[in-house]
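Working notes, structure below.
Excluded from the calculations below are hydrogen atoms, water molecules and symmetry mates; all remaining heavy atoms, backbone and side chain alike, are included.
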Amino acid sequence: MHKVDVVITEVGPRDGLQNTKNFMPTAAKKAWISAEAAAGVRAIEVCSFVPAKLIPQFIDAEEVLAHANSVAGLTAVVLVPNFKGCERALASGARRVMVPISVSEAHSMSNVRKTTTQAIEEFARMVELVRAQPPGQRAQLVGACSTAFGCSLQGAVAEDDVLRVALALRAAGADAITLADTVGYANPEQVKRMFSRVYKAIGADFAVEAHFHNTRGLGLANALAAYEAGVRHFDSTLGGLGGCPFAPGASGNVVTEDLVFMFEAMGVSTGIDLGKLIAVRQTAFAALPDAELYGHISKAGLPKGFEPSAQAA
Ligand code: ZN
């Protein structure tokens with residue numbers, strides 16, 4: 001496999017489906033994951049280990065993860081909201097586990113009924129759980145600082161708070177950190193400043209990843225700002241799936257196809273075959289006829305004579 005300049009994690013099967021009103025059949029989820037992997041996507045967030053009574057979409061989490069783990073060359077990522085979810089995920093063979101920690105206290109209380117400090121303490125217990133796994137089989141734990149650029153409940157989120165939470169997660173034993181613009185409030189200047197501050201405090205060698213939503217149309221601009229600040233891991237969703245149920249008409253995550261196009265056009269290798277990726281839209285979304293989809297490159301087509309940065313392996 002070729003080395004890539006940036007790693008793009010498709011988070012549609014988790015972040016996207018979390019907000020769709022219809023259940024996507026398990027077979028369709030598996031086909032989607034396989035098709036994106038075949039297009040060269042190396043990491044996919046495939047499900048969330050939340051109680052099925054809270055989000056019925058993830059009732060098949062174990063089965064979907066088992067499928068993703070069987071796809072050669074693919075890193076399957078799962079999200080867990082708490083310690084119990086983490087136990088379940090690890091027992092189901094999760095190798096990379098994303099744990100969201102709200103920097104905004106208001107968001108943390110309303111989402112998981114814990115203060116940010118309590119959530120960080122719980123994260124530290126998850127680290128112990130992972131460290132008790134046999135060496136060589138240890139899962140990676142990623143601390144995701146959600147609402148890192150603003151919160152729809154609290155409003156502005158102080159950058160010092162983001163830095164404090166990021167450093168606390170690192171100190172607790174996180175393998176990587178994500179700064180997430182959960183509600184789409186970020187702007188490029190803020191993104192550049194925030195990531196630069198985190199890198200300065202945490203060290204440029206440590207993986208700090210970016211998760212942007214395109215709610216207010218700044219998703220790609222924010223991704224570019226993060227790239228310029230040194231970020232090399234980005235989350236996005238095919239078709240921008242994942243509109244917020246509380247903001248009707250607002251688009252969801254950054255569109256994977258558009259993000260890949262931006263990087264490839266800039267000569268930054270993603271390892272992803274753009275033509276194949278765009279074709280996945282048909283396969284994936286036939287099973288979700290009511291879903292609102294977004295994206296420019298899939299509608300406009302590739303520019304005449306377009307050359308990707310380097311051929312996918
Ligand atoms: Zn998100």
Between Val183 and Thr215, is the side chain to side chain contact (heavy atoms under 4.5 Å, CB included) condition met? List the steps. CA-CA 7 Å; Val183 293; Thr215 320; 6.0 Å; no
List for me each residue that meets salt bridge (charged side-chain N to carboxylate O under 4.0 Å, His left out) alongside Glu36, sequence neighbours excluded, and say none if there are none.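 If we apply the salt bridge (charged side-chain N to carboxylate O under 4.0 Å, His left out) test to Glu36, skipping adjacent residues, there are no hits.
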Is the closest basic N to carboxylate O distance between [X] and [Y] below 4.0 Å?
X	Y	value
Glu209	Arg232	no
Asp60	Lys29	yes
Arg197	Asp160	yes

Whether [X] side chain and [Y] backbone form a donor-acceptor pair below 3.5 Å:
X	Y	value
Arg281	Ala286	no
Asn222	Leu218	yes
Asp258	Gly295	no
Glu257	Gly239	yes
Asp175	Leu141	yes
Asn69	Gly93	yes
Glu45	Gly12	no
Asp5	Ser269	yes
Ser70	His67	yes
Ser108	Glu105	no

[X] with [Y], same ILVMFWY side-chain cluster at under 4.5 Å:
X	Y	answer
Val268	Met262	yes
Val103	Tyr199	yes
Val162	Val99	yes
Val78	Val71	yes
Val41	Ile8	yes

Residues forming a ring pair (Phe, Tyr, Trp, His ring centres under 6.0 Å) with Phe234, sequence neighbours excluded: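 Partners of Phe234 under the ring pair (Phe, Tyr, Trp, His ring centres under 6.0 Å) test: Phe263.
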Under the ring pair (Phe, Tyr, Trp, His ring centres under 6.0 Å) test, residues paired with Phe306 that sit two or more places apart: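 Once residues adjacent in sequence are excluded, the partners of Phe306 under the ring pair (Phe, Tyr, Trp, His ring centres under 6.0 Å) criterion are Phe261.
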If you look at every heavy atom in [X] and [Y], which pair is closest and at what distance?
X	Y	result
Gly242	Asn19	O-ND2, 3.7 Å
Ala174	Gly143	CB-N, 4.2 Å
Ile297	Pro303	CD1-CD, 4.5 Å

Test side chain to side chain donor-acceptor pair (under 3.5 Å) on His211 and Thr182; report intermediate values, then the result. CA-CA 8 Å; His211 178 104; Thr182 313; over 6 Å; no
In this structure, which one of Leu224, Val254, Thr237 forms a side chain to side chain contact (heavy atoms under 4.5 Å, CB included) with Leu259?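 Of the listed options, the one satisfying the test is Val254.
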Identify whether NZ of Lys or CZ of Arg in Arg170 sits under 6.0 Å from the centre of the six-membered ring of Phe206 and within 45° of that ring's axis.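 The answer is yes, since Arg170 meets both limits relative to Phe206.
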Any side-chain heavy atom of [X] sitting closer than 4.5 Å to one from [Y]?
X	Y	value
Val198	Leu179	yes
Asn253	Leu241	no
Leu79	Pro100	yes
Leu288	Leu17	yes

Flag for Glu63-Thr26: side-chain donor and acceptor within less than 3.5 Å: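 Judged by distance alone, the side chains do not pair up.
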Distance only, no hydrogens: is a donor on one side chain within 3.5 Å (strictly under) of an acceptor on the other, for Ser309 and Glu264?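 Side-chain D/A pair, Ser309 to Glu264: present.
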What distance separates [X] [atom1] from [Y] [atom2], expressed to the nearest 0.5 Å?
X	Y	atom1	atom2	result
Glu10	Thr256	CD	OG1	4.0 Å
Ile202	Leu163	CD1	CG	8.0 Å
Phe149	His213	CZ	NE2	12.0 Å
Asp15	Thr9	CG	OG1	12.0 Å
Leu167	Cys145	CG	SG	9.0 Å
Thr178	Ile101	OG1	CD1	11.5 Å

Verify side chain to side chain contact (heavy atoms under 4.5 Å, CB included) between Ile33 and Leu74, making sure each step is shown before the conclusion. CA-CA 9 Å; Ile33 290 163; Leu74 178 68; 3.7 Å; yes
Can you list the residues that meet the side-chain contact (heavy atoms from CB on, under 4.5 Å) rule with [X], with sequence neighbours excluded?
X	result
Ile55	Gln18, Val50, Gln57, Phe58
Ala229	Lys192, Phe195, Ser196
Asp290	Lys21, Asn22
Ala171	none

Which pairs with one or both residues in residues 77-90 pass side-chain hydrogen bond (donor to acceptor under 3.5 Å, both in side chains), sequence neighbours excluded?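 Checked against side-chain hydrogen bond (donor to acceptor under 3.5 Å, both in side chains) - neighbours excluded - the pairs reaching residues 77-90 are Glu62-Arg88.
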Does any pair with a residue in residues 142-156 pass side-chain hydrogen bond (donor to acceptor under 3.5 Å, both in side chains), and if so which ones, sequence neighbours excluded?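 Pairs touching residues 142-156 that pass the test: Ser102-Ser146, Ser104-Gln154.
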Which pairs, with at least one residue in residues 138-151 and sequence neighbours excluded, count as a salt bridge (Lys or Arg N to Asp or Glu O under 4.0 Å)?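 Checked against salt bridge (Lys or Arg N to Asp or Glu O under 4.0 Å) - neighbours excluded - no pair reaches residues 138-151.
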For the pair Glu159 and Gln190, evaluate side chain to side chain contact (heavy atoms under 4.5 Å, CB included) and give the outcome as yes or no after the intermediate values. CA-CA 9 Å; Glu159 291 183 6; Gln190 176 191 19; 4.2 Å; yes
Test: ring pair (Phe, Tyr, Trp, His ring centres under 6.0 Å). Region: residues 4-57. Which pairs qualify, not counting sequence neighbours?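 Of all non-adjacent pairs touching residues 4-57, those that pass ring pair (Phe, Tyr, Trp, His ring centres under 6.0 Å) are Trp32-Phe285.
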Donor-acceptor pairs under 3.5 angstrom involving side-chain atoms of residues 117-133: please list them, not counting sequence neighbours.
unit_1, atom_1, unit_2, atom_2, d
Gln118, OE1, Thr115, N, 2.9
Gln118, OE1, Thr115, OG1, 3.4
Glu122, OE1, Lys114, NZ, 2.9
Glu122, OE2, Phe83, N, 2.6
Gln133, OE1, Ala139, N, 2.8

